[in-house]
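Side chains included, hydrogens not; waters and symmetry mates left out as well; all remaining heavy atoms used.
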Amino acid sequence: MFVEKIPGDYENGDVNKNLDDDGRVKRTGTWVTASAHIITAVIGSGVLSLAWAVAQLGWVGGPAALVVFSFITYFTSTLLADAYRAPDPVRGQRNYTYMDAVRAYLGGRKVQLCGLAQYMNLTGITIGYTITSSISMVAVKRSNCFHKHGHQAKCETSNYPFMVIFGCIQIVLSQIPNFAKLSWLSIIASVMSFAYSFIGLGLSIAKVAGGEEDVRTTLTGVIVGVDVSGSEKVWRTLQAIGDIAFAYSFSNDTIKWSPVVPENKSMKRATAIGVSTTTIFYLLCGLVGYAAFGNDAPGNFLTGFGFYEPFWLIDFANICIAIHLLGAYQVFAQPLFGFVEGWCSRRWPGNRFITSEQAVRVPFYGVYYINLFRLVWRTTYVIVTAFVAMLFPFFNNFLGLIGAGSFWPLVVYFPIEIHIAQTKMAKFSFKWMWLKILTWACLIVSLIAAAASVQGLIQSLQAYKPFQLQY
């Protein structure tokens with residue numbers, strides 16, 4: 001990597017004014033901006049499934065699961081904050097990526113395992129976003145159909161055309177070579193995320209306040225023999241845990257250094273504010289959503305037609321979801337794009353197909369530099385993720401699988417292992433023992449939640465009707 005200097009810096013003789021103490025571009029984040037970034041990064045499409053997840057677990061298990069996952073996420077994130085510098089958490093060399101931290105403290109094959117877990121998670125999320133966006137656009141079409149022909153109309157619509165449209169847009173957006181140029185897209189995505197989340201929450205509150213329907217809620221969630229069979233209760237409970245894990249996908253920010261308040265302390269403060277705010281919002285969405293729909297809560301309360309009216313507000317919320325996911329797809333895909341392109345450039349530095357760029361003048365834009373490898377690789381990636389989404393277009397099952405697959409390695413295992421290595425913790429000490437117990441407990445929960453999501457995918461495939469909305 002290199003730091004691009006501004007020509008004016010050389011002319012003014014102040015080369016270092018925009019650089020940090022390690023020669024990189026100066027970081028301007030504070031605990032305030034980091035808190036905001038965490039909140040906007042965590043609150044996303046996972047919030048749409050929380051009412052369903054709470055319905056599977058009930059008034060006791062639902063809030064308990066949300067609080068437990070919140071605590072684990074906060075705790076391990078504070079451990080990761082201490083790993084931002086190595087070997088000293090205050091004055092050591094900065095680790096700018098998750099893999100850098102793993103490399104600095106653990107090394108060996110664990111670096112590759114961390115990278116594999118990260119990039120598999122990114123791939124899974126982009127597939128999940130393709131599914132979710134198409135479902136939202138289908139919901140817009142069906143909402144207008146129901147408004148026109150009545151709630152009993154079939155209004156069957158295929159997801160596939162909307163997946164193709166979403167993929168075509170992503171092919172264009174993926175060709176933007178500089179990720180920094182997508183900052184405007186990230187801002188729009190964050191605004192859309194809050195918009196549809198608050199619309200869903202507001203509609204749920206209105207439904208509870210209206211009290212028009214007889215809604216069944218219980219302490220333990222869906223009832224065996226009434227709502228589901230015994231085996232379905234078990235599988236759904238485990239899948240709900242995977243959905244909650246997905247909702248707590250976490251993102252760190254960069255904090256500017258201060259001699260008074262070290263970066264790790266600022267990050268811990270931001271983590272506490274961000275995770276606590278997110279948890280309160282999730283509890284509101286999950287519990288109010290459960291109160292509104294009861295044990296019949298749909299998998300996605302904005303596309304599963306828990307609400308029919310006002311249809312224009314439902315349409316607006318689903319359009320916000322689609323716009324949010326257009327930007328969020330790139331946020332998660334760009335690191336993978338950069339990794340593959342960087343690795344190929346280092347592996348074959350003399351290959352002109354990989355390294356050379358051709359200047360093309362684009363009307364109303366200027367000169368655009370086309371790299372053939374980037375064009376082929378990114379287009380292929382978008383097509384493959386869209387194809388997989390077409391094979392498994394099931395919202396809740398796929399979210400549960402992504403959450404279960406990424407929660408243990410990225411949120412639990414690596415932060416704890418880094419902390420043990422950083423503090424040179426003695427084996428079989430009290431703290432070492434309970435950290436290992438936490439690691440193994442989370443592994444078991446993640447494995448059974450993943451198994452439940454796979455079982456749900458298989459079951460959904462057997463009953464799949466390709467021209468009906470899947471939620």
Sequence-distant partners of [X], side-chain hydrogen bond (donor to acceptor under 3.5 Å, both in side chains), two or more places apart:
| X | value |
| --- | --- |
| W59 | T217 |
| K233 | none |
| T126 | Y381 |

Worksheet item: Partners of D227 by salt bridge (Lys or Arg N to Asp or Glu O under 4.0 Å), sequence neighbours excluded?
Response: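 R216.
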Worksheet item: Where does the angle between the aromatic ring planes of H324 and Y196 fall among parallel (under 30°), tilted (30 to 60°) and perpendicular (over 60°)?
Response: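 Tilted.
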Worksheet item: How would you list, by chain and number, every residue that makes a ring pair (Phe, Tyr, Trp, His ring centres under 6.0 Å) with F316, sequence neighbours excluded?
Response: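 Scan of F316 (ring pair (Phe, Tyr, Trp, His ring centres under 6.0 Å), adjacent residues dropped) gives none.
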How far apart are the closest heavy atoms of [X] and [Y], and which atoms are they?
| X | Y | answer |
| --- | --- | --- |
| M163 | A386 | SD-O, 4.4 Å |
| P335 | Y119 | O-CE2, 4.0 Å |
| Y98 | P409 | OH-O, 4.2 Å |
| P63 | V60 | CD-O, 3.6 Å |
| A292 | K207 | O-CE, 3.3 Å |

Test your reading of the model: is there a side-chain donor-acceptor pair from [X] to the backbone of [Y], 3.5 Å cut-off?
| X | Y | answer |
| --- | --- | --- |
| Q175 | V172 | no |
| Y290 | A53 | no |
| S70 | L66 | no |
| W408 | T439 | yes |
| S453 | L401 | yes |
| R236 | Q56 | no |

Practice prompt. Any salt bridge (Lys or Arg N to Asp or Glu O under 4.0 Å) involving residues 433-460? Give me the pairs, sequence neighbours left out, ordered by first then second residue.
Written response: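 Matches after skipping sequence neighbours: E417-K436.
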Worksheet item: Between F146 and F311, does the ring centre distance come in under 6.0 Å?
Response: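 They do not qualify: ring centres at least 6.0 Å apart.
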Worksheet entry | Residue pair P298 / W52, side-chain heavy-atom distance below 4.5 Å |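 No, every pair of side-chain atoms sits at 4.5 Å or beyond.
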Discussion item. For a side chain to side chain contact (heavy atoms under 4.5 Å, CB included) check, start with the C-alpha distance between L326 and F166, then their side-chain angles and the critical distance, and finish with the verdict.
Written reply: CA-CA 8 Å; L326 281 172; F166 183 85; 3.6 Å; yes
Worksheet item: Is there a donor-acceptor contact under 3.5 Å linking the side chains of Q170 and Y329?
Response: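 Note: Q170 and Y329 side chains miss the donor-acceptor criterion.
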